[in-house]
There are 2 protein chains.
Amino acid sequence: MSGISDVARMAGVSKSTASRALTGGGYVSEATRQRVLEAARHIGYVASTNAASLVTGRTKNVGVIIPFVNRWYFGEVLEGVEDALLACDYDLTLYNVRPGTPSRSRIFEHFLARKRFDGVITIGLDPSPDELDRLLSLDRPVVSLGAQYDGVSSVAIDDVAVSRLATEHLIGLGHTRIVHIGGERSADLTGTVHGRRLRGYLDAMTDAGLGAETLHVPSEMTLPGGYAAGVQVVSNLRSRPTAISAASDEVAVGAIVAARRTGVQVPAELSIVGVDGHEYAEMFSLTTVEQSPREQGVAVVELLMDALGGRQESTTALLHPTRLVVRSTTARPRT
Amino acid sequence: MSGISDVARMAGVSKSTASRALTGGGYVSEATRQRVLEAARHIGYVASTNAASLVTGRTKNVGVIIPFVNRWYFGEVLEGVEDALLACDYDLTLYNVRPGTPSRSRIFEHFLARKRFDGVITIGLDPSPDELDRLLSLDRPVVSLGAQYDGVSSVAIDDVAVSRLATEHLIGLGHTRIVHIGGERSADLTGTVHGRRLRGYLDAMTDAGLGAETLHVPSEMTLPGGYAAGVQVVSNLRSRPTAISAASDEVAVGAIVAARRTGVQVPAELSIVGVDGHEYAEMFSLTTVEQSPREQGVAVVELLMDALGGRQESTTALLHPTRLVVRSTTARPRT
DNA sequence: GTGAAAGCGCTAACAG
DNA sequence: CTGTTAGCGCTTTCAC
């Protein structure tokens with residue numbers, strides 16, 4: 001448990017000089033700096049971030065608020081964020097706010113208030129007005145990924161465009177009976193990811209003159225969710241579509257599994273396209289629009305670092321460059 | 001940014017009395033306590049954990065070291081740990097140490113040394129001797145899940161028994177050509193999860209007099225890993241087994257997907273059994289030995305809390321109660 | 001360039 | 001039961 005005074009004594013300087021040499025602030029002669037560094041290394045000195053925080057107000061820690069850890073997209077983003085944060089010498093404190101759980105409110109009411117971080121990153125968060133209030137009243141920079149609110153810089157995907165692209169791909173192949181799986185029944189078509197993706201589908205259909213053929217089957221944005229919806233879609237032989245536009249890759253994979261269990265070949269008899277660039281896409285012959293969640297994580301950290309580095313006013317939204325790569329395994333409808 | 005002195009002033013008491021009332025240490029008259037609490041609530045006072053840590057030495061934070069976030073088992077455990085930690089009023093700092101990455105060494109060498117936690121939880125960590133050294137020299141309680149080292153309390157699964165059970169289930173159905181997918185080629189059969197699971201398979205086969213029929217196809221413990229191995233196993237028609245014992249559910253699901261793409265029905269023509277209790281098991285008709293990773297996460301937090309609460313000597317290993325529930329969808333071999 | 005002193009916000013003896 | 005007095009380990013004016 002050696003402190004900075006030990007280092008100072010060993011190097012034959014005062015605490016303040018040692019501090020300057022270690023943190024890089026103020027003037028220190030090169031010779032002295034070396035001596036201090038050497039001493040620190042020798043006794044394995046590591047500054048108590050705690051004590052430093054107390055005086056500087058900066059914690060070298062950021063809070064990450066994330067609704068799910070165990071969904072592919074979120075897990076992937078989290079790993080990207082962690083990596084990028086480490087590179088900047090920041091620790092990451094995890095706040096897992098699963099919607100509707102008691103821990104979610106405890107986090108917003110209690111844990112965030114401790115302000116053990118210099119800034120906050122929210123991943124795909126859909127905050128209630130109250131939650132948003134608390135977030136903003138933290139008086140720390142907040143950046144968000146995949147959602148936009150006033151006063152918060154964000155990295156955003158153009159969900160409408162992305163989903164539209166997926167749907168247009170299907171239309172381009174000649175499909176007309178295309179159903180969309182994902183989102184909630186009466187979602188607003190702007191405020192949520194699945195809502196915007198539903199919108200992209202609707203837009204594409206309408207533009208292609210297929211507005212009347214439109215069908216939306218709601219589902220949770222998970223693999224089991226996609227499975228359940230897929231079972232429903234495929235089992236109804238009368239209305240069975242020739243293609244499915246899924247709101248996410250997990251949903252799409254679930255739908256594929258459902259189709260296969262029912263004996264429907266994918267993509268031969270049924271074409272399915274998703275959004276995200278899931279690493280399992282290949283295995284399931286899934287056509288998908290690539291998004292690289294990992295890169296999104298890195299991008300949002302960069303944005304936060306900007307905010308921490310003074311640029312306080314940047315509450316502008318930044319559109320993440322979407323790589324619109326469609327893997328071409330989808331089939332034309334049988335005529 | 002109101003401090004404890006503001007609360008004290010408002011309640012008409014001294015800082016120390018306010019502190020006692022707030023933290024619950026020492027004697028305070030009920031009347032005073034109420035007055036202080038009221039004042040604190042009124043101005044929305046939240047103690048600076050930082051300052052408190054500086055003097056008490058306790059951070060109300062624990063570090064979680066985990067090699068993967070985006071594998072089902074790990075994600076699930078992480079969510080369990082987070083929940084349990086919140087319930088104890090602890091923050092969770094995430095250290096994602098993917099094997100072989102540069103960030104891994106940076107974490108062990110640099111980040112852990114900051115000691116911003118009261119204790120550490122390692123999840124399925126396979127530390128090098130050097131890493132283990134650093135962990136132990138942290139001078140903080142360390143508990144582990146799924147691995148055992150000297151000087152560290154742990155929650156452990158009986159991997160050998162679990163895998164043996166899975167294999168015996170297959171044998172009981174009448175299978176004799178059973179291959180095991182998982183683990184590395186020359187893994188030691190004690191030090192790693194996949195090694196022990198391989199061992200359980202070998203033990204079961206040997207005990208059933210099938211020692212000569214033994215076949216191990218190595219794979220990464222992931223869905224794509226299981227897929228690749230599954231393709232290999234299924235495509236070799238000559239040696240094609242009638243059943244597969246997989247080292248984890250992800251591997252098993254991968255193998256199932258591989259089999260289906262090759263036109264092999266599962267479980268009709270080929271029986272596959274895994275270990276973990278994956279939530280997708282049902283969807284893939286996977287027979288699995290249930291483990292509830294989430295509960296394991298909770299258990300390991302309990303163990304850490306014990307260690308934090310004084311019980312310093314408890315470096316004993318604790319066996320996690322394994323729920324050996326086999327979902328019976330597996331089929332007998334065709335005769 | 002370097003050192004002395006003054007806290008950051010809080011808790012923990014120790015008297016009263 | 002409550003107030004006073006010291007610091008926790010570090011950074012930061014401000015003289016020198």
Side-chain angles (χ1 to χ4, degrees), chain A residues 1-40 43-61 89 91 113-118 138-140, chain B residues 1-40 43-61 89 91 113-118 138-140:
Chain A
M1 226 18 151
S2 45
I4 199 176
S5 6
D6 298 306
V7 177
R9 194 175 325 116
M10 185 159 215
V13 296
S14 70
K15 267 173 36 177
S16 19
T17 303
S19 172
R20 275 186 295 251
L22 261 8
T23 62
Y27 298 105
V28 188
S29 77
E30 195 43 39
T32 316
R33 149 167 287 118
Q34 287 308 331
R35 216 150 14 95
V36 172
L37 259 37
E38 165 60 30
I43 62 179
Y45 168 77
V46 179
S48 151
T49 339
N50 244 329
S53 300
L54 195 53
V55 42
T56 61
R58 346 183 82 260
T59 61
K60 278 296 188 181
N61 184 49
D89 200 37
D91 274 336
R114 300 215 270 219
K115 302 194 200 184
R116 318 231 292 194
F117 36 71
D118 295 336
L138 244 31
D139 197 38
R140 298 265 186 288
Chain B
M1 220 27 147
S2 44
I4 198 175
S5 6
D6 299 305
V7 177
R9 191 174 328 115
M10 185 159 214
V13 296
S14 70
K15 266 173 38 176
S16 23
T17 302
S19 171
R20 276 186 295 252
L22 262 7
T23 63
Y27 298 104
V28 188
S29 77
E30 196 44 38
T32 316
R33 148 168 288 117
Q34 287 309 331
R35 213 147 20 90
V36 172
L37 259 36
E38 167 59 30
I43 62 180
Y45 168 77
V46 179
S48 151
T49 341
N50 245 328
S53 301
L54 195 52
V55 42
T56 61
R58 346 182 82 261
T59 61
K60 278 296 189 180
N61 183 48
D89 200 37
D91 273 336
R114 300 214 270 218
K115 303 194 200 183
R116 317 234 285 197
F117 36 71
D118 295 336
L138 243 32
D139 199 38
R140 297 266 185 290

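Chain letters run A, B, ... following the sequence lines, proteins first and then strands; every chain starts at 1. Side chains included, hydrogens not; waters and symmetry mates left out as well; all remaining heavy atoms used.
In terms of modelled atom types and a separation under 3.5 Å, the side chain of A:T23 and the main chain of A:S19 share a donor-acceptor contact.
Rounded to whole Å, atom C1' of C:dT2 lies 15 Å from atom CG of A:L22. When the P atom of C:dG7 is taken as reference, atom NZ of B:K15 falls 12 Å away, rounded to whole Å. Separating the CG atom of B:D6 from the C1' atom of C:dG9 is a distance of 11 Å, rounded to the nearest angstrom. In this structure, CD1 of B:I4 is placed 6 Å from P of C:dC10, rounded to the nearest angstrom. Between the CG atom of B:L54 and the P atom of C:dG7 there is a distance of 17 Å, given to the nearest Å. Put simply, CZ on A:R9 is 18 Å from C1' on C:dT2, counting in whole angstrom units. Across the protein-nucleic acid pair, A:K115 atom NZ and C:dC8 atom P stand 17 Å apart, rounded to whole Å.
Base contact: B:S16 has a heavy atom under 4.0 Å from a base atom. Residue A:S19 is classed as a base contact, given a heavy-atom separation below 4.0 Å to a base. Note on A:S53: nothing from the nucleic acid sits closer than 4.0 angstrom, heavy atoms only.
The shortest distance between side-chain heavy atoms of A:V36 and A:R33 does not fall below 4.5 Å. Side-chain contact between A:V28 and A:R35 is absent, with no heavy atoms from C-beta onward closer than 4.5 Å.
Mapped onto DNA chain D by nearest heavy atom, B:T56 and B:G12 fall at different nucleotides, with B:G12 at the one closer to the 5' end.
In this structure, of C:dT2, C:dT11, C:dG7, it is C:dG7 that holds the atom nearest to the side chain of A:V55.
Donor-acceptor pairing under 3.5 Å, judged by distance alone, is absent between the side chain of A:R33 and the base of C:dG1.
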What dot-bracket string describes DNA chain C from 5' to 3', counting Watson-Crick and G-U wobble pairs whose defining distances are under 3.5 Å, with [ ] for crossing pairs and | for pairs to another strand? |||||||||||.||||
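Here CZ of B:R9 is found 12.0 Å from CD1 of B:I4. Values are rounded to the nearest 0.5 Å. Remark: A:T49 OG1 to B:R114 CZ distance equals 5.0 Å, nearest 0.5 Å. Rounding to the nearest 0.5 Å places CG of B:D118 at 8.0 Å from NZ of B:K60. Annotation: the span from A:T59 atom OG1 to B:R116 atom CZ amounts to 6.0 Å, rounded to 0.5 Å. Atoms CZ and OG, on B:F117 and B:S53 in that order, are 13.0 Å from each other to the nearest 0.5 Å. Residue B:T32 holds its OG1 atom at 9.0 Å from CD of B:E30, rounded to the nearest 0.5 Å.
Closest approach of A:A8 and A:A18 over heavy atoms only: CB-CB, 4.0 Å.
The side chain of B:S48 places no N or O atom within less than 4.0 Å of a non-bridging phosphate oxygen (OP1 or OP2) of C:dG9. Checking the phosphate oxygens (OP1, OP2) of C:dC10, a side-chain nitrogen or oxygen of B:Y45 falls inside 4.0 Å. The shortest distance between the side-chain N/O atoms of A:T32 and the OP1/OP2 oxygens of C:dG1 is not below 4.0 Å.
Running 5' to 3' along DNA chain D, contacts with non-hydrogen atoms of chain A at under 4.0 Å begin and end at D:dG9 to D:dT12.
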